[in-house]
There are 2 protein chains.
Amino acid sequence: MGKEITIYDIASQLQLSPATVSRALNNHPAINEKTKVLINAKAEELGYRSNKFASNLRKQKTNTIGVIVPRLNSYIMSTVIAGMEKVANDEGFNLIISQSLESQRKEIANTKTMFNSRVDGLLVSVAFDTDSFEHFQPFLKKKIPLIFFDRIFENSDCPNIVIDNAKGGYEATKHLIEQGFKNIIHITGNLKRNVYSDRLKGYQQALSEFEIPFKSDNVWVTALSLEAGKEVAHRIKALPIKPDALFVSSDLCAVSCIATLKELNITVPNDIAVVGFNNDPVSQVISPKLTTIHYPAKEMGEMAVKSMINHLKGNFNLDATNTITLRSELIVRESSLFLTHS
Amino acid sequence: MGKEITIYDIASQLQLSPATVSRALNNHPAINEKTKVLINAKAEELGYRSNKFASNLRKQKTNTIGVIVPRLNSYIMSTVIAGMEKVANDEGFNLIISQSLESQRKEIANTKTMFNSRVDGLLVSVAFDTDSFEHFQPFLKKKIPLIFFDRIFENSDCPNIVIDNAKGGYEATKHLIEQGFKNIIHITGNLKRNVYSDRLKGYQQALSEFEIPFKSDNVWVTALSLEAGKEVAHRIKALPIKPDALFVSSDLCAVSCIATLKELNITVPNDIAVVGFNNDPVSQVISPKLTTIHYPAKEMGEMAVKSMINHLKGNFNLDATNTITLRSELIVRESSLFLTHS
DNA sequence: CTGAAAGCGCTTACAG
DNA sequence: CTGAAAGCGCTTACAG
């Protein structure tokens, strides 16, 4: 009970050296198969559990991957984390997770903690306002692999895991145009971030393809929050010439906007069509159901951890594949369909 | 760059022993204040970072708290985790998080991993179908503190952190009754779990207080998922005598049900009033807005980690305070208001 | 207030 | 295929 079993206990009971026990437990090829069986049986019998701290200390590795996200409690991020946890657990890696709460200041503090925790690798989705790369430099200097996902730091030379945000923005906008909508407002987040700037590019591309002039007044930068959705609705209500469609870079914000528009007697899609982004469950439980871009959050989390572990194990070099792009897709529901357009 | 600074480097540069450096860095009272200042300055200068693995190995502690939740990507749980992360980070503890995906089998596997990771303490919210305590016994045997939160294991003698679910159920039901609704169906989850059985008790208590007979046919056990919400709506549609209200133990399920009811030409609250549970953001972005019970998820996460750390530090004994109950409250919105009842 | 020394439990280069 | 020995970087009981 009180006493912990070590490889020395196994060794002495089996009349072997601790070195052999250690090798057998780690499935070292030089050890006789029969000896391995013996040792593993004894380990099982005694309830041995390996001491990670001794092992990590000796090996100078931590088997730990750090994760920094803007926030833990958004649909996308909690789903990404769920995917990460699954893979990490299966591979015997630990995750240290922290949230920047959308502030570069907190993100810097988080990177310091991660650095001091000696993570073997770091996975980051950057905050809204991050515009310096400096806090990531210590990792590169120490050759600790750094991978960005979702919200990447552009021109960083670090590997990135993303979806094709431009394509997502393009498809969302094109769909609206094909439904007959021409005056489309794009509600987005801080354009410093690739996810938003790329979707904007897609939006512009679609407009230009259909020869609809782009107006910068039609791009509204918001916090993409629940509150932002309400504000957008009120702003639209006050507009002399109303848009006929909205492309919103977040489902939750889109849905909140739709609810508020309804309160203001503007109905969706009849008065204004709406397309969201993410395929958050919320998009299915409102009426009208929200057309959106499916975001493979779980897959992204899995891919991020898998790539990191492969790199750490030397299975493949991350630098070679600088960007991994996951598939996203348009899901058409009622909120964007042309009905009885007035 | 390559070389890591240790206390030996600091010691030799300062002509001191590693023992003194170690003590100074840990703010040991026996060390001269001036020496401490000197040592800390040198540590800073050299970019020293403590090696947790050596320290943990020596101290036989891990500074790690294990967390097992049913799933990471639900509003409640991701918010609980966000609260946990905040406190753990501030206190220098690490979290190892894993998800049981509502299966006892996976939960058992998770407890094994946690045990082998030698967590200093374990925080658990149990799966839907967990009915054995056996997989937690190894922790008690080794005197590793175990705290349950949200979904607790009843009669376990372990400390619990919960809300007053019976009170929540009571208030939700009482509110509906006071609005004039009498035929109230309760949609809930697996009644093995305290969160659901207690809410049911509250529901029954409110009915009995108003002398409305309880009918077990009015309690529907579901997965409380998005899909479950749809099924409930269809089942109601098929009912010869329809209920006038629904008390649903999850906002997401409630909202999905409302959306489907609407498709079936049953409107909320006019035809059927609805009260949810959790105060998920989704409750605010639909129309009508959902009346619900606010669940202090972030606070629960913070409290769980705080209690665990205090216990580990010996600040107070957990066994003394067997149950910590956090405040929840009814939030009245449109979905439950008596309008033009037909 | 400071130091010498042992030991936490592993892994691995070296030797045979 | 197996072993002896050193060492990873700390902490702490003991001594002074």
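Below, chain A is the first sequence line, B the second, and so on; all start at residue 1.
In this model, a donor atom of one side chain and an acceptor atom of the other lie less than 3.5 Å apart for Tyr295(A) and Asp150(A).
Results of the side-chain contact (heavy atoms from CB on, under 4.5 Å) test with Met308(B) over Val87(B), Leu123(B), Val67(B), Leu146(B) single out Leu123(B) as the only residue that passes.
Comparing dG16(C) with dT12(C), their C1' atoms are spaced 16 Å from each other, to the whole Å.
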Exercise. Treat primed atoms plus P, OP1 and OP2 as sugar-phosphate and everything else as base, then score nucleotides 4-10 of chain D 5' to 3': B for base contact with protein heavy atoms under 4.0 Å, S for sugar-phosphate contact only, - for none.
Key: B-BBBBB
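Under the rule for a side chain to side chain donor-acceptor pair (under 3.5 Å), the partners of Lys313(B) that lie at least two apart in sequence or sit in another chain are Glu91(B). Residues satisfying the side chain to side chain donor-acceptor pair (under 3.5 Å) test with Lys59(A), not counting sequence neighbours, are none.
Straight-line distance from the CD atom of Gln15(B) to the C1' atom of dG3(C): 14 Å, rounded to whole Å. If you take NZ of Lys34(B) and C1' of dT2(C), they are 16 Å apart, rounded to a whole angstrom. Whole-Å rounding puts the Leu38(A) CG to dC1(D) C1' distance at 14 Å.
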Practice problem: State the dot-bracket string of DNA chain D. Criteria: Watson-Crick or G-U wobble, both atom distances under 3.5 angstrom; notation: ( ) intrastrand, [ ] crossing earlier pairs, | interstrand, . unpaired. | Solution: |||.||||||||.|||
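Heavy-atom nearest nucleotides on DNA chain C were determined for Thr35(B) and for Thr20(A), and the one closer to the 5' end corresponds to Thr35(B).
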Exercise. Begin with the C-alpha distance, continue with both residues' side-chain angles, and end with the deciding distance and a verdict on ring pair (Phe, Tyr, Trp, His ring centres under 6.0 Å) for Phe136(B) and Phe133(B).
Key: CA-CA 6 Å; Phe136(B) 297 119; Phe133(B) 189 77; 5.4 Å; yes
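Pairs of residues two or more places apart, or lying in two chains, that qualify as side-chain hydrogen bond (donor to acceptor under 3.5 Å, both in side chains) and include a residue from residues 29-38 of chain A are Asn27(A)-Lys36(A). The stretch residues 62-79 of chain B participates, sequence neighbours left out, in these side-chain hydrogen bond (donor to acceptor under 3.5 Å, both in side chains) pairs: Thr62(B)-Asp120(B).
When all heavy atoms of Glu85(A) and Ile97(B) are compared, the pair lying nearest together is CG-O, 3.1 Å.
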